[in-house]
Enquirer: 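Have a look at this one before I ask anything.
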Amino acid sequence: MARGLAVLGAPASADVLARLLNSEQRTVVEALDALAATGLLRSGWFSHQAARAAALSGLDGETLTALYERSALLLHSDGAVPSEVAERLVAAGGIAEDWSVDVLRNAAWQALREGNPGRAAEFLEVAHQACSDVRERAEVLGALARVLWLTKPTAVTSLLEPLCRSLQQGNLSVRDSVALGTFLAWQGRADEAALVLGQVDTRGDTCDLAGEAELALARQWIRWVVPFKGTDAADEASPAYRVEEAAERASWSDLVRSAEQVLQCCRIADALPVVVLSALLVLAFDDKLDEAQRWCETLGPEAEALQAVAWVAMLATVQGLVAVRRGDLIDAERHSRRALTVMPQHNWGAALGLPLSGLVHATTAMGRTDEAETLIKEALPEARRNPFWLHFLHARGRFYLENNRPYAALADFQTCGRLLGGTPLGHANFVSWRCDLAEAWLRLDDARSGKALLEEQLTRVNADDKRVRGRTLRIMAATLKQPARASMLREAVKVLLDSGDRLELALALADSSEAELECGRFAEFRLISHQAKRMAKMCGAEPLYWRLQNSGSVEEPGETPALRKTIHQFALLSDAERKVAALAAQGRSNREISQTLFITVSTVEQHLTKTYRKLGVSSRFGLPVELGLVGSADH
């Protein structure tokens with residue numbers, strides 16, 4: 001009786017025990033009373049776990065398995081919750097019956113929703129062993145792979161071959177086929193991923209809108225981000241050719257639309273993580289940084305609640321990438337470090353270059369040279385030869401450039417250009433390698449090569465991409481003589497003010513202040529250098545900040561006549577105009593001001609127009625730097 005109670009795993013009625021052990025109910029009651037009298041039971045359960053363990057240890061394996069099977073069947077017939085039944089099925093090693101597979105699958109999804117993916121994987125492993133139907137067995141295997149990926153992507157490696165066989169036999173669903181393609185891509189097996197996605201046929205398969213969106217994005221993404229190689233393009237009948245041909249017709253705007261559709265249908269518990277990561281990266285590469293950040297913040301709490309480590313790490317990586325593109329080094333370092341802490345390098349597969357590049361970019365620009373160098377030396381080589389590794393090469397090149405190793409930087413930037421040349425990702429939003437390569441040439445006193453690259457970049461860059469355009473103008477200014485240099489830097493600052501990239505703006509302001517000083521415009525020099533110092537401090541660029549500080553060119557304004565004049569000017573403005581003007585004087589873009597004050601960009605522009613008129617200036621570039629200080633004090 002003690003053994004039967006131990007197998008049930010919880011206090012049970014005499015009726016349940018009697019049915020489990022094929023005993024009379026009267027006999028069960030007497031046995032329970034006797035156990036209670038000895039002190040082994042209290043309130044119908046073992047008074048100590050050692051007693052339960054001792055009861056179970058007295059059973060041989062076959063007898064114990066039979067008892068667990070009977071208890072699972074008994075609990076299932078009594079309508080117990082799937083998790084209780086599944087616990088006994090796991091202990092029994094599974095039962096080869098249809099109902100047991102259904103119970104285990106339901107229990108797995110319950111465990112997943114409760115934030116226990118490890119337990120969910122255990123239930124699915126037993127379900128896979130117990131399943132006799134070939135198609136259902138493939139479905140369970142696909143579900144197991146998706147669950148394992150949530151906590152340890154490397155654990156899926158052993159399941160890839162069985163999944164590929166199931167696909168070839170026609171037993172894999174559309175969704176599991178897409179998942180298989182993304183798993184292969186994650187491991188850098190691009191050709192195989194494209195072949196798998198090319199074989200997916202939605203005809204005859206119940207595929208909902210979310211599944212169709214995932215398939216469309218995966219097919220487009222494999223073409224844009226993982227260049228397809230090693231197939232015979234002349235074989236128009238091959239699945240791989242169909243993927244290539246269809247993707248060629250798809251534009252970048254189609255990819256963005258697919259990404260937005262995937263995210264709108266996304267639920268972390270059953271979404272395909274790699275597809276969602278692709279969607280978020282598409283938004284980031286399209287400079288929809290606010291949208292990408294918003295989705296990360298929306299999905300983050302659910303990922304945390306589910307303890308889905310891979311999800312948490314991926315979302316942190318995207319946030320790190322967004323922060324790098326905004327020039328926010330503090331956030332870039334924090335998010336990228338978290339991504340690599342939550343999920344170690346060996347689990348990142350082909351995507352390792354993303355979080356690693358974010359951390360190298362941030363630590364380099366923050367002046368933490370030793371840390372950046374350690375990251376570069378310890379980077380795992382397995383993730384190379386994929387587009388995401390180019391982000392790491394780009395970050396490493398920046399490290400070399402900032403540490404006076406222009407030839408090493410040149411090699412990395414040239415590699416980026418060679419691998420991206422002629423591919424759909426050759427546009428500047430993916431990796432702006434031309435600007436960096438030009439800067440390396442300029443460090444080597446080869447202005448001709450540098451200028452040629454920058455001119456090419458200006459012809460390629462989209463007019464809306466103010467970050468890349470402003471950066472290109474800033475670097476090109478170094479190839480010009482005064483006063484053309486100062487004029488181009490003013491243009492670069494003007495463009496970067498609305499780019500949202502604080503680091504690039506700080507660099508452009510620093511260069512512009514030096515150019516104004518060379519031209520003898522001391523008032524402009526003092527204003528711009530102060531703005532550069534403020535912006536460098538704000539984005540965490542310590543080397544740039546101390547370069548400006550140690551130059552002696554910038555002093556914090558105290559109670560000076562200029563400040564008193566600014567306070568008087570500030571009084572001429574309305575409350576709304578004061579708030580907008582103060583933020584503009586601090587170097588904030590119109591978009592950032594609108595987000596800070598919860599007003600539209602159009603309203604920001606109207607307030608600034610009135611402010612310029614009242615203060616007698618033509619643009620925000622003419623706003624006195626003291627205005628930002630007065631605005632801060634006013635708040």
Side-chain angles (χ1 to χ4, degrees), residues 112-115 117 149-151 210 213-214 217 221 255-343 348 351 354-359 361-362 388 391 429 467 499-503 538-540 583 588-601 604:
L112 190 60
R113 287 191 294 270
E114 292 172 352
W149 202 94
L150 296 178
T151 54
E214 287 174 331
L217 178 61
W221 185 248
L255 187 61
V256 174
R257 279 194 296 272
S258 295
E260 291 170 340
Q261 187 175 0
V262 164
L263 290 168
Q264 289 172 16
C265 299
C266 175
R267 292 176 303 172
I268 291 245
D270 56 2
L272 300 180
V274 182
V275 176
V276 176
L277 172 64
S278 304
L280 292 169
L281 291 175
V282 166
L283 296 183
F285 294 147
D286 199 50
D287 264 351
K288 289 181 168 57
L289 302 182
D290 293 340
E291 197 172 338
Q293 177 68 24
R294 177 173 58 82
W295 277 113
C296 288
E297 293 172 351
T298 299
L299 298 172
E302 187 180 353
E304 295 277 4
L306 293 174
Q307 297 186 37
V309 171
W311 274 103
V312 173
M314 287 192 315
L315 295 174
T317 292
V318 175
Q319 288 178 295
L321 176 63
V322 167
V324 166
R325 293 185 172 230
R326 284 176 170 165
D328 187 344
L329 303 175
I330 297 171
D331 273 358
E333 188 269 345
R334 177 168 60 89
H335 290 305
S336 300
R337 186 178 302 283
R338 185 173 188 230
L340 289 167
T341 301
V342 170
M343 192 163 74
W348 276 96
L354 288 172
L356 204 55
S357 68
L359 197 49
H361 265 301
F388 293 143
H391 285 271
N429 266 339
R467 180 173 58 85
S499 72
D501 190 330
R502 293 178 179 178
L503 178 59
M538 187 182 300
C539 68
L583 292 172
R588 307 288 185 91
S589 69
N590 288 357
R591 184 173 58 182
E592 288 179 315
I593 295 171
S594 72
Q595 293 170 346
T596 301
L597 300 179
F598 300 102
I599 57 178
T600 65
V601 173
V604 172

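Computed from heavy atoms alone, side chains included, the values below leave out hydrogens, waters and symmetry copies.
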Enquirer: For Val322, enumerate each residue passing the side-chain contact (heavy atoms from CB on, under 4.5 Å) test, keeping only those at least two apart in sequence or located in another chain.
Expert: Leu289, Ala292, Gln293, Val318, Arg326
Enquirer: To the nearest 0.5 angstrom, please state how far the CE atom of Met538 sits from the CG atom of Leu329.
Expert: 12.5 Å
Enquirer: What pairs meet the salt bridge (charged side-chain N to carboxylate O under 4.0 Å, His left out) rule with one or both residues in residues 309-320, with sequence neighbours excluded?
Expert: none
Enquirer: Can you list the residues that meet the ring pair (Phe, Tyr, Trp, His ring centres under 6.0 Å) rule with His335, with sequence neighbours excluded?
Expert: none
Enquirer: How far apart are the closest heavy atoms of Met314 and Trp149, and which atoms are they?
Expert: SD-CH2, 3.6 Å
Enquirer: Under the side-chain hydrogen bond (donor to acceptor under 3.5 Å, both in side chains) definition, can you give me all pairs with a residue in residues 301-316, not counting sequence neighbours?
Expert: Glu304-Arg338
Enquirer: Sub-3.5 Å donor-acceptor pair from the side chain of Ser357 to the main-chain atoms of Leu354, do we have one?
Expert: yes
Enquirer: Indicate the atoms forming the closest heavy-atom contact of Arg591 with Asp290, along with that distance.
Expert: CD-OD2, 3.5 Å
Enquirer: To the nearest 0.5 Å, what is the distance between CG (Leu306) and CZ (Arg113)?
Expert: 10.0 Å
Enquirer: Considering all heavy atoms of both residues, which atom of Pro273 and which atom of Ala271 are nearest to each other, and what is their separation?
Expert: CD-O, 3.3 Å
Enquirer: Applying side-chain contact (heavy atoms from CB on, under 4.5 Å), run through Ile330 and Arg334 and close with a yes or a no.
Expert: CA-CA 6 Å; Ile330 297 171; Arg334 177 168 60 89; 5.7 Å; no
Enquirer: Atom CD of Glu214 and atom CG of Leu272: how far apart are they, to the nearest 0.5 Å?
Expert: 4.0 Å
Enquirer: CG/Asp328 to CD/Gln319 distance, rounded to the nearest 0.5 angstrom?
Expert: 11.5 Å
Enquirer: Looking only at heavy atoms, what is the nearest atom pair of Cys296 and Leu280, with distance?
Expert: SG-CD1, 4.2 Å
Enquirer: Please name the pair of heavy atoms, one in Pro355 and one in Ala339, separated by the smallest distance, quoted to 0.1 Å.
Expert: CB-CB, 4.1 Å
Enquirer: Would you say that Glu260 contacts Leu283 through its side chain, given a criterion of any heavy-atom pair below 4.5 Å between the two side chains?
Expert: yes
Enquirer: Heavy atoms, side chains only, cut-off 4.5 Å: are Glu291 and Leu263 in contact?
Expert: no
Enquirer: Holding to side-chain contact (heavy atoms from CB on, under 4.5 Å), I want the full list of residues that pass it with Ala313, two or more places apart in sequence or in another chain.
Expert: Val342, Met343, Trp348
Enquirer: Taking only residues two or more places apart in sequence, or in another chain, which ones meet Thr151 in a side-chain contact (heavy atoms from CB on, under 4.5 Å)?
Expert: Pro117
Enquirer: Less than 4.5 Å apart, side chain to side chain, heavy atoms only: is that true for Arg325 and Phe285?
Expert: yes
Enquirer: Kindly give the heavy-atom pair with the smallest separation between Ala332 and Val324, and that separation in Å.
Expert: CB-CG2, 3.7 Å
Enquirer: Are Leu150 and Val309 close enough that some pair of their side-chain heavy atoms sits under 4.5 Å apart?
Expert: no
